[in-house]
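Before any comments, here is the structure.
Both backbone and side-chain heavy atoms feed into the values below; hydrogens, waters and symmetry mates do not. Quick caveat, the model's predicted, so the values are computed rather than measured. In the text below, chain A, chain B and the rest are named by the order of the sequence lines, each starting its count at 1.
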Protein chains: 2
Amino acid sequence: MTIPNTRLSDPIAEARRQWVEHGWADASTGMAIVTSITRAEQLFLKTIDAELRPFDLSFSRYEFLRLLAFTRQGALPLSKASARLQVHPTTVTSTVDRLEDQGFVQRVPHPTDRRTTLVEILPEGRRVVDAATSTLNAAVFASLGLSESEASSLLELLTRLRAAHGDLDEKV
Amino acid sequence: MTIPNTRLSDPIAEARRQWVEHGWADASTGMAIVTSITRAEQLFLKTIDAELRPFDLSFSRYEFLRLLAFTRQGALPLSKASARLQVHPTTVTSTVDRLEDQGFVQRVPHPTDRRTTLVEILPEGRRVVDAATSTLNAAVFASLGLSESEASSLLELLTRLRAAHGDLDEKV
DNA sequence: ACCCAAAGGTAGGATTTCCGACTATTTTAT
DNA sequence: ATAAAATAGTCGGAAATCCTACCTTTGGGT
């Protein structure tokens, strides 16, 4: 661990206290929630990246392979991947570059639309993503340290939160 | 908006279904929670960055100034900031470089320990961080789109989640 | 039929973050 | 008292992400 961990008991609780003290009580819970989410994301990302290192995958590349492996054909236009994963088109380009270098996927021209490029998962990619999924399921996802009912509540609240911020509508 | 948004109603719910279908039901809730947190973080970061753009601040630089403004002396050793914000020392170095260029903070040698450098917030930095805080409180934190009781529950569950992942103990 | 806007993808550049290696200082242990 | 270990900060480099700008192809409106 390279980051020193001399801290008060909880920096977020501390910040919230400051918020209230400064007369921002009405925004203090929101601030604490957003900060907690940021922090939780960092923690999970760190754990997940550590678990994925043996597979030479980052979380985003894992998510990409996972998506690809779930599709019927094992192939997808880059633009579809960009929309599904909600990442910028140029990010998809470089992700695919990397995965192609690793021999996990391959670019294939679209049969009818010559603008479009398909990414196709290769057998090696399928093997790796399945192994990585087993690892993540066992080491991270299977137990987050919450009870069954707490986990359900949390998921529902997070879903509601995403909905409130326009992450579900715009089906198009 | 540069990222196209042609999606199924909810990609996370979709992924969860796939998880169950593949026999990973026991890990499906955990997967959905982690993915939701990642996604929520992206959404908030995007909103916050947009609100902070007029101040020429990123969220991390904002957090840094906010921390500094809360201290008694308006100054802190770099190492303390690294520990409090849980970011890598080299990240602190470059953040301070940037803030110093902007005229928001200034490096000052520690009076007794010649290894240590203090960062001190300047009047302009204080002005900016207070204005930015007002903006964020009004535009983001004050209403997340949840009821009072939902927000309380969510914060408590997130805190429990962080605790379960060792984000609170190690007081040292 | 034809033209122009829209869609798909990539190149180059900027920002942020981490890691490993390094220097300088301070503290600890023998 | 001195050698070894810990602490504080920085430099160079890698990775991920976004943005703007650009090229090619497609498709709709007239």
Side-chain angles (χ1 to χ4, degrees), chain A residues 1-6 38-39 41-43 45-50 52-53 56-64 75-102 107-119 172, chain B residues 1-6 38-39 41-43 45-50 52-53 56-64 76-102 105 107-119 172:
Chain A
M1 188 67 61
T2 4
I3 297 173
N5 47 14
T6 312
T38 302
R39 187 80 194 105
E41 197 268 343
Q42 284 172 12
L43 287 169
L45 196 56
K46 190 164 212 150
T47 309
I48 289 174
D49 275 346
L52 289 179
R53 196 154 308 134
D56 201 10
L57 285 179
S58 66
F59 191 38
S60 14
R61 271 175 290 144
Y62 165 78
E63 284 186 299
F64 197 103
L76 221 55
L78 297 197
S79 52
K80 276 279 192 304
S82 172
R84 282 292 200 88
L85 301 170
Q86 289 290 292
V87 296
H88 200 273
T90 56
T91 303
V92 172
T93 295
S94 64
T95 302
V96 172
D97 284 350
R98 193 91 155 71
L99 288 171
E100 211 168 20
D101 284 347
Q102 296 184 282
R107 279 183 170 87
V108 177
H110 190 283
T112 66
D113 188 335
R114 282 189 297 174
R115 289 171 304 182
T116 303
T117 306
L118 302 176
V119 217
V172 180
Chain B
M1 191 67 58
T2 5
I3 297 172
N5 46 15
T6 312
T38 301
R39 187 79 193 104
E41 198 268 343
Q42 285 173 14
L43 287 170
L45 196 57
K46 189 163 211 152
T47 310
I48 289 174
D49 275 347
L52 290 179
R53 195 153 309 134
D56 201 8
L57 284 179
S58 67
F59 191 38
S60 16
R61 272 176 287 140
Y62 166 78
E63 284 185 299
F64 197 103
L76 220 56
L78 297 197
S79 53
K80 277 278 191 304
S82 172
R84 282 294 199 85
L85 301 170
Q86 289 290 292
V87 296
H88 200 273
T90 55
T91 302
V92 172
T93 295
S94 65
T95 302
V96 173
D97 284 350
R98 193 90 157 72
L99 288 171
E100 211 168 19
D101 284 348
Q102 295 185 281
V105 304
R107 279 181 169 88
V108 178
H110 190 283
T112 66
D113 187 335
R114 281 189 299 172
R115 290 171 303 183
T116 302
T117 305
L118 303 176
V119 215
V172 180

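Residue A/R53 places none of its side-chain N or O atoms closer than 4.0 Å to OP1 or OP2 of C/dC19. Residue B/T90 has no polar side-chain atom (N or O) positioned under 4.0 Å from OP1 or OP2 of C/dC19. At D/dA8, none of the side-chain N or O atoms of B/H110 fall inside 4.0 Å of OP1 or OP2 (strictly under the cut-off). An OP1 or OP2 oxygen of D/dA16 is reached within less than 4.0 angstrom by no side-chain nitrogen or oxygen of A/T95.
Within the nucleic acid shown, B/S94 comes within 4.0 Å of at least one base atom, counting heavy atoms only. Residue A/T117 is classed as a sugar-phosphate contact, given heavy-atom separations below 4.0 Å to backbone atoms only. Residue B/T91 is classed as a base contact, given a heavy-atom separation below 4.0 Å to a base.
Between A/D56 and A/Q102, the closest side-chain pair of non-hydrogen atoms falls below 4.5 Å. Taking the side chain as every heavy atom from C-beta outward, B/V87 and B/V92 approach each other to under 4.5 Å. At least one side-chain heavy atom of B/R107 sits under 4.5 Å from a side-chain heavy atom of B/V96. Counting heavy atoms from C-beta on, the side chains of B/Y62 and B/I48 never come closer than 4.5 Å.
Side-chain proximity of B/D113 to C/dT25, C/dG9, D/dT26: nearest is C/dT25. Minimum atom distance to the side chain of A/T116 is reached by C/dG8, of the listed D/dA8, C/dC18, C/dG8. Closest approach to the A/R61 side chain among C/dT10, D/dT10, D/dA16 is made by D/dA16 (side chain taken as heavy atoms from C-beta onward). Considering only side-chain atoms of A/H88, the nucleotide from C/dT17, C/dC18, D/dC19 that sits closest is D/dC19.
Counting to the nearest Å, the C1' atom of D/dA16 and the CG atom of A/L85 are 14 Å from each other. We find that CZ of B/R115 is positioned 7 Å from C1' of C/dT27, with the value rounded to whole Å. Atom P of nucleotide D/dC23 and atom CG of A/L78 are separated by 20 Å, given to the nearest angstrom. Rounded to whole angstrom, the span from the CZ atom of B/F59 across to the C1' atom of C/dT17 amounts to 16 Å. In this entry the distance linking CZ of A/F64 with C1' of D/dA16 reads 15 Å, nearest Å. Atom pair A/R114:CZ and D/dT26:P shows a separation of 5 Å (rounding to whole Å applied). In this structure, CZ of B/R98 is placed 17 Å from P of D/dT10, rounded to the nearest angstrom. Atom P of nucleotide C/dA7 and atom CG of A/L118 are separated by 19 Å, given to the nearest angstrom.
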Inset, instruction - Could you give me the CA-CA distance, side-chain angles and deciding distance for B/F64 and B/V119, then say whether side-chain contact (heavy atoms from CB on, under 4.5 Å) is met? - result: CA-CA 10 Å; B/F64 197 103; B/V119 215; 4.1 Å; yes
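Both A/S58 and A/T112 sit near DNA chain D, but only A/S58 has its closest nucleotide nearer the 5' end.
Computed from C1' positions of five pairs at each end, the angle between the two local axes of the helix from C/dA1-D/dT30 to C/dT30-D/dA1 equals 20°, rounded to 10 degrees.
The distance from atom OG1 of A/T95 to atom NE2 of A/H88, rounded to the nearest 0.5 Å, is 12.5 Å. The distance from the OG1 atom of B/T38 to the CG atom of A/L45 is 7.0 Å, given to the nearest 0.5 Å.
Under the 3.5 Å distance criterion, with hydrogens and angles disregarded, a donor-acceptor pair is assigned to the side chains of A/S58 and A/R61.
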